[in-house]
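Written below as structure tokens is the structure these notes are about.
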Amino acid sequence: MPTQAALSRYASAMTEINLRLDAVDTLHARTLQMDNVDQPPEWLFTWEQIAVHLRKVVELIVFSSMVAHQDKYREVYPDFASHWKIGKILKKLETIHPAFFPISTKITTTAEGAHHAPMNDDPKASRADLEVLYDKCSDLIHAFQPFKYESGAVIDLMFTPPQWTTLIRGLLQEHFIMLFGNQTAFMVQMTAPPDGFVRVALLQAEGPATHVPSSASGQSSVGG
């Protein structure tokens with residue numbers, strides 16, 4: 001059973017994701033609405049900042065999945081604290097628990113302490129999307145190889161920054177992480193009422209209903 005510390009760590013990561021997605025939207029609105037022809041150097045610098053934020057968002061999603069499955073992950077991989085390569089972590093998580101990836105949902109309360117969470121059909125980022133985004137962001141934050149890009153910088157994130165933030169919010173806004181054994185889950189709200197903070201609750205299946213024994217809230221500051 002995950003500890004309260006794991007719930008808090010997950011909530012903290014989700015809070016940082018909220019801040020980084022907001023930063024991407026702000027950077028795009030402030031600088032990148034202009035035509036990219038004959039832009040000043042700040043134009044490329046802004047793209048690089050956006051790439052850093054989006055890359056870290058992907059890392060936070062993957063590392064959060066490690067947090068949710070940390071007991072089982074530690075059991076299989078005792079050196080887990082040294083794991084940082086995103087592609088390899090995803091494959092390891094899939095080996096441990098194929099249903100590890102966040103599941104987008106729409107949470108409704110059916111009774112005191114009981115919730116219904118049907119699948120969310122809105123557009124959302126998939127695991128494959130996030131892997132592509134991570135690689136494209138990695139290309140953008142490094143210096144361009146002069147013999148490969150002789151005509152100058154090439155900006156290619158597959159989607160626009162606002163499209164990416166929309167897709168990532170579509171995945172995470174309300175989601176759950178089904179834990180190993182499929183009897184418990186992290187239920188997550190990225191802007192939970194009444195204060196708009198991140199809320200992470202540990203849910204235990206009881207037949208068709210779900211009991212909420214504990215929760216953690218992420219405050220409006222980045223922390224670990």
Partners passing side-chain hydrogen bond (donor to acceptor under 3.5 Å, both in side chains) against Glu48 (at least two apart in sequence or in another chain): none

query: How far apart are the C-alpha atoms of Phe159 and Thr166, what are their side-chain angles, what is the distance that settles it, and do they pass the side chain to side chain contact (heavy atoms under 4.5 Å, CB included) test?
result: CA-CA 11 Å; Phe159 300 129; Thr166 297; over 6 Å; no

field: Partners passing side-chain contact (heavy atoms from CB on, under 4.5 Å) against Leu60 (at least two apart in sequence or in another chain)
entry: Ala13, Glu16, Ile17, Arg20

message: Return the SG to CH2 distance between Cys137 and Trp47, rounded to the nearest 0.5 Å.
response: 9.5 Å

- prompt: Could you give the distance from CG (Leu172) to OG (Ser64), rounded to the nearest 0.5 Å?
  reply: 8.5 Å

- prompt: Would you call Asp122-Lys106 a salt bridge at under 4.0 Å N-O?
  reply: yes

message: Holding to side-chain hydrogen bond (donor to acceptor under 3.5 Å, both in side chains), I want the full list of residues that pass it with Glu94, two or more places apart in sequence or in another chain.
response: Arg127

- prompt: Could you go step by step and tell me if Met14 and His175 meet the side chain to side chain contact (heavy atoms under 4.5 Å, CB included) rule?
  reply: CA-CA 11 Å; Met14 294 299 110; His175 71 276; 3.8 Å; yes

- request: Carefully, step by step, assess Met158 and Val132 under the rule side chain to side chain contact (heavy atoms under 4.5 Å, CB included).
  value: CA-CA 8 Å; Met158 188 165 74; Val132 169; 3.9 Å; yes

message: Tell me the closest heavy-atom pair linking Ser65 and Pro102, and the distance in Å.
response: OG-CD, 4.3 Å

- request: List in chain and number order the residues that pass side-chain contact (heavy atoms from CB on, under 4.5 Å) with Ala23, two or more places apart in sequence or in another chain; answer none if no residue qualifies.
  value: His53

- prompt: Taking only residues two or more places apart in sequence, or in another chain, which ones meet Asp135 in a salt bridge (Lys or Arg N to Asp or Glu O under 4.0 Å)?
  reply: none

Ile168 side chain reached by Leu130 side chain, heavy atoms, under 4.5 Å: yes

task: Please determine, by modelled atom types, if Thr160 and Gln163 share a side-chain donor-acceptor pair under 3.5 angstrom.
output: yes

message: I want to check something: taking the side chain as every heavy atom from C-beta on, are Leu171 and Phe101 in contact at a cut-off of under 4.5 Å?
response: yes

Residues which pass salt bridge (Lys or Arg N to Asp or Glu O under 4.0 Å) with Asp25, listed by chain and number, not counting sequence neighbours: Arg169

Distance in Å, Gln49 CD paired with Ile141 CD1, rounded so as to fall on 0.5 Å steps: 12.5 Å

message: Going by the rule side-chain hydrogen bond (donor to acceptor under 3.5 Å, both in side chains), which residues pair with Gln173 if we only count those two or more places apart in sequence or in a different chain?
response: Thr191

Side chain to side chain, Leu133 and Trp164, heavy atoms closer than 4.5 Å: yes

- prompt: Hey, quick one: are Phe63 and Leu21 part of the same hydrophobic cluster, counting side-chain heavy atoms closer than 4.5 Å, chains of contacts allowed?
  reply: yes

- prompt: Taking side chain as C-beta onward, heavy atoms only, is Leu179 less than 4.5 Å from His97?
  reply: no

query: Short question: side chain of Asn18, backbone of Thr15 - any donor-acceptor pair under 3.5 Å?
result: no

message: Are Phe100 and Ile177 packed together at the side-chain level, in the sense that at least one heavy-atom pair is separated by less than 4.5 angstrom?
response: no

task: Please name all residues satisfying side-chain contact (heavy atoms from CB on, under 4.5 Å) with Ser138, sequence neighbours left out, ordered by chain then number.
output: Arg55, Tyr134

- prompt: Any side-chain heavy atom of Leu167 within less than 4.5 Å of one from Pro123?
  reply: yes

task: Drop me the distance from Asp22's CG to Thr165's OG1, to the nearest 0.5 angstrom.
output: 9.0 Å

message: Under a 3.5 Å distance rule, please check whether His28 uses its side chain to pair with a backbone N or O of Ile50 as donor and acceptor.
response: no

Evaluation steps, side chain to side chain contact (heavy atoms under 4.5 Å, CB included), between Leu90 and Glu131: CA-CA 9 Å; Leu90 286 170; Glu131 291 185 78; 3.6 Å; yes

- prompt: Under 6.0 Å between the ring centres of Phe176 and Phe186?
  reply: no

query: Is there side-chain contact between Leu157 and Leu54, with at least one heavy-atom pair below 4.5 Å?
result: yes

statement: Hits for side-chain hydrogen bond (donor to acceptor under 3.5 Å, both in side chains) against Asp156, two or more places apart or cross-chain, chain-then-number order -> Lys136

